[in-house]
Amino acid sequence: MTATIAYDAVEVGTELPAQTFPVTRATLVRYAGASGDFNPIHWNEKFAREVGLPDVIAHGMFTMAEAIRVVTDWAGDPGAVVEYGVRFTRPVVVPNDDTGVLIEVSGKVAAKLDDNTVRVDLIAMSDGKKVLGMSRAVVRLA
């Protein structure tokens, strides 16, 4: 597969379709099983509070993975992502209820680079707070 978005079709400032990702405790259990990361801060409320967290928090890598979905869905090919990095600025706190919390992600083309690549800057928010900083991906377009 290759990206379905043409390099010539985007400009600096092009906005990617924003997405919202729900996260519940059940989501965290499934992610823990798939990743092998069973750190109790991601499932044990008592332990999370004992180590100074407000409650159970989502895995950082899970949050990072949800955010990049905005880019891979837009590009049409996960393999089009050449580079991706973030700074974890705030945890995604996941309450013990049926609703959970939302991770809201938006992105825009911040720079057109060489070799049909663009840099996309992402903003990931949860509960009104930015949860990822310096969230950037370099994507090779068609």
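Any value given below was found using the heavy atoms of this structure, including those in side chains, with hydrogens, waters and symmetry copies removed. Residue numbers count from 1 along this sequence.
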Look at the side chain of S126 and the backbone N and O of L102, then say whether any donor-acceptor pair between them is shorter than 3.5 Å. yes

Check: V94 main-chain N/O paired with R25 side-chain donor or acceptor under 3.5 Å: yes

Intermediate values then yes/no, side chain to side chain contact (heavy atoms under 4.5 Å, CB included), V101 and V92: CA-CA 8 Å; V101 69; V92 174; 3.7 Å; yes

Using every non-hydrogen atom in the two residues, find where D121 and R136 come nearest and quote the distance to one decimal. OD1-CG, 3.2 Å

Where V105 and A124 come nearest, the two heavy atoms and their spacing: CG2-CB, 4.2 Å

Decide whether V23 and F88 are clustered together by the hydrophobic rule: side chain heavy atoms of Ile, Leu, Val, Met, Phe, Trp, Tyr closer than 4.5 Å, transitively. yes

Are I57 and F38 grouped together when hydrophobic residues (ILVMFWY) are joined by side-chain heavy atoms under 4.5 angstrom apart? no

Connected via hydrophobic side-chain network under 4.5 Å: V71 and M125: no

Exercise: identify the closest heavy-atom pair between A80 and A3: CB-CB, 4.0 Å

Pairwise side-chain contact, S106 with V70, heavy-atom cut-off 4.5 Å (strictly under): no

Can you measure from CZ (R90) to OG1 (T63) and round to the nearest 0.5 angstrom? 13.5 Å

Rounded to the nearest 0.5 Å, what separation is found between the NE2 atom of H42 and the CG atom of L53? 9.0 Å

Determine whether V12 and V120 fall in the same hydrophobic cluster, where Ile, Leu, Val, Met, Phe, Trp and Tyr are linked whenever their side-chain heavy atoms lie under 4.5 Å apart. no

R49 side chain to P54 backbone, donor-acceptor under 3.5 Å: yes

Answer yes or no: is there a side-chain heavy-atom contact under 4.5 Å between V118 and Y7? yes

For Q19 and R69, which heavy atoms make the closest approach, and how far apart are they? NE2-O, 3.7 Å

Is there side-chain contact between D55 and E45, with heavy atoms separated by less than 4.5 Å? yes

Just checking D98: does its CG atom have more than 12 heavy atoms from other residues, nucleotides or ligands closer to it than 6.0 angstrom? no

Kindly say whether I41 contributes a backbone atom to a donor-acceptor pair with the side chain of N39 at under 3.5 angstrom? yes

Would the distance check show the side chain of H59 and the main-chain N or O of D37 forming a donor-acceptor pair, the cut-off being under 3.5 Å? yes

Tell me if a side-chain donor or acceptor on T89 pairs with a main-chain N or O of V131 at a distance below 3.5 Å. yes

So CG of N116 and CZ of R140: to nearest 0.5 Å the spacing works out to 8.0 Å

Roughly how far, to the nearest 0.5 Å, is the CG atom of L122 from the CE atom of M134? 12.0 Å

Beyond-backbone contact of V56 with N96, side-chain heavy atoms, under 4.5 angstrom: no

Quick check for you: to the nearest 0.5 Å, what is the distance between L132 atom CG and I103 atom CD1? 8.0 Å

Is L113 linked to V82 within one hydrophobic cluster, defined over Ile, Leu, Val, Met, Phe, Trp and Tyr using a side-chain heavy-atom separation of less than 4.5 Å? yes

Note: V81 and Y84 closest approach over all heavy atoms is CG1-CB, 4.1 Å

Just say parallel, tilted or perpendicular for the rings of F62 and Y31, cut-offs at 30° and 60°. perpendicular

One should read off an interatomic distance between I5 CD1 and D77 CG, to the nearest 0.5 angstrom, of 11.5 Å

Donor-acceptor under 3.5 Å (K112 side chain, V10 main chain): yes

Answer yes or no: is there a donor N or O on one side and an acceptor on the other, between the side chain of T4 and the main chain of A75, under 3.5 Å? yes

